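Everything numeric here is computed off the predicted structure, so don't read it as measured data. Below, chains carry the letters A, B, ... as their sequence lines are ordered, and counting in each starts from 1.
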There are 4 protein chains.
Amino acid sequence: MGKREDNAKQTRAKLLDTADRLIVKDGYERVSVDSIVKASGIAKGTFYNYFKRKEDLIFELSKHRFANLIGSRDTGNQDAVTSISAYLEEFMTVIANSKIELARQWVRYVSASDANKDKWQLDVDSLERFIQQLIREDKLSAKTPHYVLAETLLTQMYGIILSWCIDPKAIDPIQRTQQFCTQQLELLVNPYQ
Amino acid sequence: MGKREDNAKQTRAKLLDTADRLIVKDGYERVSVDSIVKASGIAKGTFYNYFKRKEDLIFELSKHRFANLIGSRDTGNQDAVTSISAYLEEFMTVIANSKIELARQWVRYVSASDANKDKWQLDVDSLERFIQQLIREDKLSAKTPHYVLAETLLTQMYGIILSWCIDPKAIDPIQRTQQFCTQQLELLVNPYQ
Amino acid sequence: MGKREDNAKQTRAKLLDTADRLIVKDGYERVSVDSIVKASGIAKGTFYNYFKRKEDLIFELSKHRFANLIGSRDTGNQDAVTSISAYLEEFMTVIANSKIELARQWVRYVSASDANKDKWQLDVDSLERFIQQLIREDKLSAKTPHYVLAETLLTQMYGIILSWCIDPKAIDPIQRTQQFCTQQLELLVNPYQ
Amino acid sequence: MGKREDNAKQTRAKLLDTADRLIVKDGYERVSVDSIVKASGIAKGTFYNYFKRKEDLIFELSKHRFANLIGSRDTGNQDAVTSISAYLEEFMTVIANSKIELARQWVRYVSASDANKDKWQLDVDSLERFIQQLIREDKLSAKTPHYVLAETLLTQMYGIILSWCIDPKAIDPIQRTQQFCTQQLELLVNPYQ
DNA sequence: GATGAATGAGCGTTCATTCAT
DNA sequence: GATGAATGAACGCTCATTCAT
C-alpha cells in the first residue's frame with residue numbers, strides 16, 4: 001500500500017463519488033464524462049485510465065448504489081404483521097425520504113438496462129430471509145410460502161413506488177404502505193399466523 | 001379521401017410503425033430520428049411535418065400501446081376471484097405482449113413528468129368500476145372496500161411491470177400475475193365473498 | 001380586371017402584408033416562408049406561384065416598407081432653423097414611434113445587404129430638396145451647401161437611431177433630436193441665414 | 001509555455017482568423033460553424049472546446065476589431081478643430097480599415113441586444129475626456145458644452161458608419177469624416193475657440 | 001500515470017424549395 | 001392556379017473517446 005496506490009485508489013473513488021453525486025443532482029441522462037471530470041477536478045484522460053468506457057463506471061456505480069437496504073433486525077416480541085409492517089415501512093421510508101425526482105431517476109435507472117437486475121433479487125432475498133426469521137421465531141407457521149409472500153409484498157412496494165412516480169401529488173408512498181399493511185397485510189399473513 | 005390524404009396517412013403510420021419496431025429491436029435509448037427516417041425510407045424533413053418534436057411521436061406510440069387497457073366485460077357466472085383474475089391477466093397480457101423494451105419505454109415515459117398522472121387514476125377507476133360491478137352482481141358483499149382493493153391490485157400489477165423491467169429474464173409478468181391470483185388474491189377477496 | 005386577376009392580386013397583397021406584419025412582430029430573422037403562409041392561410045405552393053424565391057418577396061417588401069418618409073411641406077413663415085427642426089423631429093418621430101425592436105430590426109435590415117442602398121440616398125435627396133425649398137423662399141442664402149448640409153443632418157439622425165438601438169434606456173431619440181436642433185443646428189445654419 | 005499550450009493558442013487563433021476572413025468574404029449571415037471549421041481544417045468538436053457557443057466567437061471577434069478605439073493622445077500645439085479632426089479621423093480609420101462586412105456585423109451585433117449598451121457610453125466618455133483635455137489646454141473655452149459636443153460628434157460618426165453599411169459603394173467613411181470636419185466641425189467649435 | 005487538446009459521428013431541428021395532384 | 005406532402009442540405013451543438021505530450 002504505497003503512496004501511489006493510495007492516490008490511485010482515491011482518484012478512482014473520487015470519480016465514482018462525483019458521478020454518483022451528479023446523477024443524484026442532475027439525473028442520469030444529463031451526466032457526461034465531461035461533467036464528471038470537471039466536477040471532480042480530474043483530467044479527462046485520467047478518467048480513461050481508470051475506466052475503459054463510461055459504461056464501466058456506471059456499472060460499478062450501480063453495484064454500490066442500490067445495495068441491499070435492509071439487514072437483519074430485531075423483531076422483539078411483536079407479532080408477524082407488526083414486524084413485517086415495520087420492515088416495509090422502513091423500506092419505503094428510505095425511498096420516500098428522497099425527493100420524487102430521485103425516485104423517478106431511480107425507476108428510470110433500474111429499468112434502463114439489465115445492469116441492475118440483481119437489485120430486485122437482492123430485495124426479495126432480503127425480505128424472504130426476514131420472513132424465514134419470523135418462522136424460526138414461531139411467529140409464522142412453517143407452512144408459510146415464504147418466497148411467494150416476499151415476492152408479493154415487495155411487488156406491492158415496487159408498485160407503490162411506480163405509482164408515486166406517475167402521480168406524486170396524489171400518492172403518498174408512506175401512507176399507502178401503512179394503508180396496505182393495515183388493511184391487506186393481515187389477510188395475506190393471517191392463515192399462517 | 002384523395003390519393004394524397006391516403007399517402008399522408010400511410011407516411012405517418014410508417015413512421016410510427018418503424019419507430020415502434022426499432023424501439024423493440026434496439027432499445028428506446030438508441031432510437032434516433034435519423035434511424036427512424038433511414039429505416040423507413042422517409043426524408044428527415046417529412047418526419048417533422050408530422051411530429052413537431054421527437055417526443056410527440058414517442059408519446060403517441062405509448063398512447064397507442066397502453067391506452068384503454070380494459071373496457072367493461074361480461075363476467076358470466078364466474079365467481080369474484082375468477083372474474084378479477086381474468087381481468088388482471090388480460091391487463092397484464094396487453095403489456096406483456098409488447099416487448100420488454102416497450103414496457104421499459106412506457107415506465108420511463110410515465111415516470112418522466114407529471115403529464116401522465118391521469119394514467120394511474122384511470123386504471124384505478126377502471127378496476128374499481130369492475131369491482132363495483134361484481135358487488136352489484138352479488139358476487140362480492142356490499143362491505144367490500146372497493147377502492148382500496150382496486151388500488152392494491154393495480155399496485156401489484158404495476159409492481160410486477162416494474163420488476164419485469166428490472167429483470168426481464170427472471171420474471172415472466174403473466175406467470176407472476178397468475179401466481180398472485182392463485183395464491184394471494186383469494187386471501188384478499190375471501191372475506192367479502 | 002376580371003375576377004381572377006383580382007383574386008390573384010389580393011393573394012399577392014395578402015402575402016406581402018402578412019410578411020410585413022410578421023417581420024414587425026417577430027423580427028426579420030424569425031420570419032420563414034412557413035410562418036408567412038400559415039399566418040395568411042395560403043398554401044405553401046401558392047407562395048411560390050407568386051414569388052420565385054423568398055428573397056423576391058423580401059425585396060418587394062423593402063421597396064414599400066422604407067419608402068421616403070417625408071414629402072414636401074409647408075414651411076409658412078417660420079425661419080430656416082425652425083423649419084428644419086420641424087422636419088427632423090417629424091422624421092425621428094416616425095421612427096421613434098415604433099418600438100425599439102422594430103428600429104433594431106430596421107437597422108439590421110438596411111445594413112444586411114446592398115438591397116437597401118436607395119434608402120439612404122432617397123432620404124438625403126428628400127432633405128436636400130427641403131433645404132433647396134428654403135433657399136428658394138429666401139430663408140437661406142444661395143450659398144448654402146445644400147447637399148453637404150443635408151448629408152450632415154441626416155447622418156446625425158442615423159447616428160441617433162443607431163445609438164438608440166445600442167442603448168435604448170439611456171437614449172431618447174426625440175429628445176436627442178430636439179437637443180441637437182436647439183444647441184447645434186443653429187451653429188450649422190447661421191452663416192447662411 | 002509548453003508545446004501543447006502553444007498549439008492550443010494557435011488553434012484558437014486560427015478559428016478566429018478563419019471566421020474573420022470568411023465574414024469578410026461571404027458576409028456575416030452566411031458564415032456557419034461548419035464553414036469555419038472546414039475552412040480552418042479543424043474538427044467541429046474542437047471549435048466547441050474553445051467557444052461555448054458560436055455567439056462567443058462572434059463577440060470576441062467584434063471586441064478585437066472595435067475595442068479600445070481611442071486612448072489618450074498628444075495634441076501638441078494644434079488648435080481645437082485640428083485636434084478633434086485628427087481624433088475623429090483616427091476613430092473612423094480603425095473602422096473603415098475593416099471590410100464593410102465586418103462593419104455590418106458590428107452594427108448588427110451592437111444593435112442586437114442590450115448587452116452592448118456600454119459601448120456607446122464608453123465612446124462618448126472617451127471623446128468627452130478628450131474635449132475636456134482641450135479645455136484644460138486652453139484650446140477651448142471653459143464654456144464649451146463638452147458632453148453635448150461629444151455626443152453630437154460621436155453621433156455623427158455613428159451615423160456615417162450606419163450610412164456606410166447601407167450603401168458602401170456610394171459612401172467612403174473616411175472621406176465623409178474629413179468632409180464633416182472641414183465643413184461643419186468649425187461651425188460647431190468656433191464659438192468656443 | 002496524468003494531462004487536456006483534438007476528434008468526428010451523431011443529435012434534434014429548421015427551412016427554402018419542388019412537384020404530383 | 002391552388003395545394004400541401006415530400007425533400008435533404010444545413011444548422012448549432014453534444015459527447016464518448018483517442019493520443020501526443
Side-chain angles (χ1 to χ4, degrees), chain A residues 4-5 7-8 11 29-38 41-57, chain B residues 2-12 30-38 41-57, chain C residues 4-5 7-8 11-12 29-38 41-58, chain D residues 2-12 30-38 41-57:
Chain A
R4 203 182 300 174
E5 286 91 346
N7 280 344
T11 304
E29 313 265 65
R30 286 195 193 79
V31 175
S32 62
V33 174
D34 241 66
S35 64
I36 294 169
V37 298
K38 193 168 288 182
I42 288 168
K44 215 175 197 170
T46 308
F47 180 99
Y48 284 91
N49 285 340
Y50 289 100
F51 304 96
K52 239 192 157 209
R53 7 205 70 236
K54 185 196 178 190
E55 242 182 356
D56 295 353
L57 174 142
Chain B
K3 210 182 206 174
R4 267 214 299 208
E5 287 91 344
D6 224 48
N7 281 342
K9 260 189 186 167
Q10 278 183 16
T11 303
R12 187 189 174 83
R30 285 190 197 81
V31 175
S32 64
V33 175
D34 242 58
S35 66
I36 295 170
V37 297
K38 199 165 285 182
I42 287 169
K44 212 171 185 177
T46 306
F47 180 98
Y48 286 93
N49 284 344
Y50 291 99
F51 305 98
K52 254 195 151 207
R53 340 207 68 85
K54 183 194 177 190
E55 238 186 359
D56 294 354
L57 176 142
Chain C
R4 203 181 302 174
E5 286 91 346
N7 279 344
T11 305
R12 189 188 174 81
E29 311 265 67
R30 285 193 194 82
V31 174
S32 62
V33 175
D34 241 66
S35 64
I36 295 170
V37 298
K38 194 168 287 183
I42 289 167
K44 216 175 195 173
T46 308
F47 181 98
Y48 284 91
N49 285 340
Y50 289 102
F51 304 98
K52 238 189 158 211
R53 6 203 72 237
K54 185 194 178 189
E55 241 183 356
D56 295 352
L57 174 144
I58 296 296
Chain D
K3 211 183 207 174
R4 267 215 298 208
E5 287 91 345
D6 224 47
N7 282 344
K9 260 190 186 167
Q10 279 183 14
T11 303
R12 187 189 174 83
R30 284 189 199 82
V31 175
S32 64
V33 175
D34 242 58
S35 66
I36 294 170
V37 298
K38 199 165 287 183
I42 288 169
K44 211 172 187 176
T46 307
F47 181 98
Y48 286 93
N49 284 343
Y50 290 99
F51 305 97
K52 254 196 151 204
R53 344 205 67 85
K54 183 194 178 189
E55 236 184 359
D56 293 355
L57 175 142

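Both distances falling under 3.5 Å, in either a Watson-Crick or a G-U wobble arrangement, place E:dT21 opposite F:dA2. The partner of E:dT7 is F:dA16, judged by Watson-Crick or G-U wobble contacts that both fall below 3.5 Å.
Atoms NZ and CZ, from B:Lys52 and B:Phe47 in turn, are 13.5 Å apart once rounded to the nearest 0.5 Å.
In this structure, the OH atom of C:Tyr50 is 7 Å from the C1' atom of F:dG1, given to the nearest Å. In this structure, C:Tyr48 places its OH atom 18 Å from P of F:dG1, rounding to the nearest Å. As rounded to whole Å, 11 Å separates atom C1' of E:dA9 from atom NZ of B:Lys38.
Between B:Arg53 and E:dT13 there is a side-chain polar atom (N or O) within less than 4.0 angstrom of OP1 or OP2. A close approach under 4.0 Å does not occur between any side-chain nitrogen or oxygen of B:Ser32 and OP1 or OP2 of E:dG10.
Both A:Asp34 and B:Ala43 lie close to DNA chain F; mapped to their nearest nucleotides by heavy-atom distance, the more 5′-ward contact belongs to B:Ala43. Where A:Lys54 and B:Asn49 each meet DNA chain F at their nearest nucleotide, the meeting point lying more 5' is that of B:Asn49.
Picking from E:dA5, E:dT13, F:dC13 the nucleotide with the shortest atom distance to the side chain of D:Lys44 gives F:dC13. When distances are taken from the side chain of A:Ile42 to each of E:dG8, E:dT3, E:dT7, the shortest belongs to E:dT3. The side chain of A:Thr46 lies closest to E:dT3 when the candidates are F:dT14, E:dT3, F:dT3.
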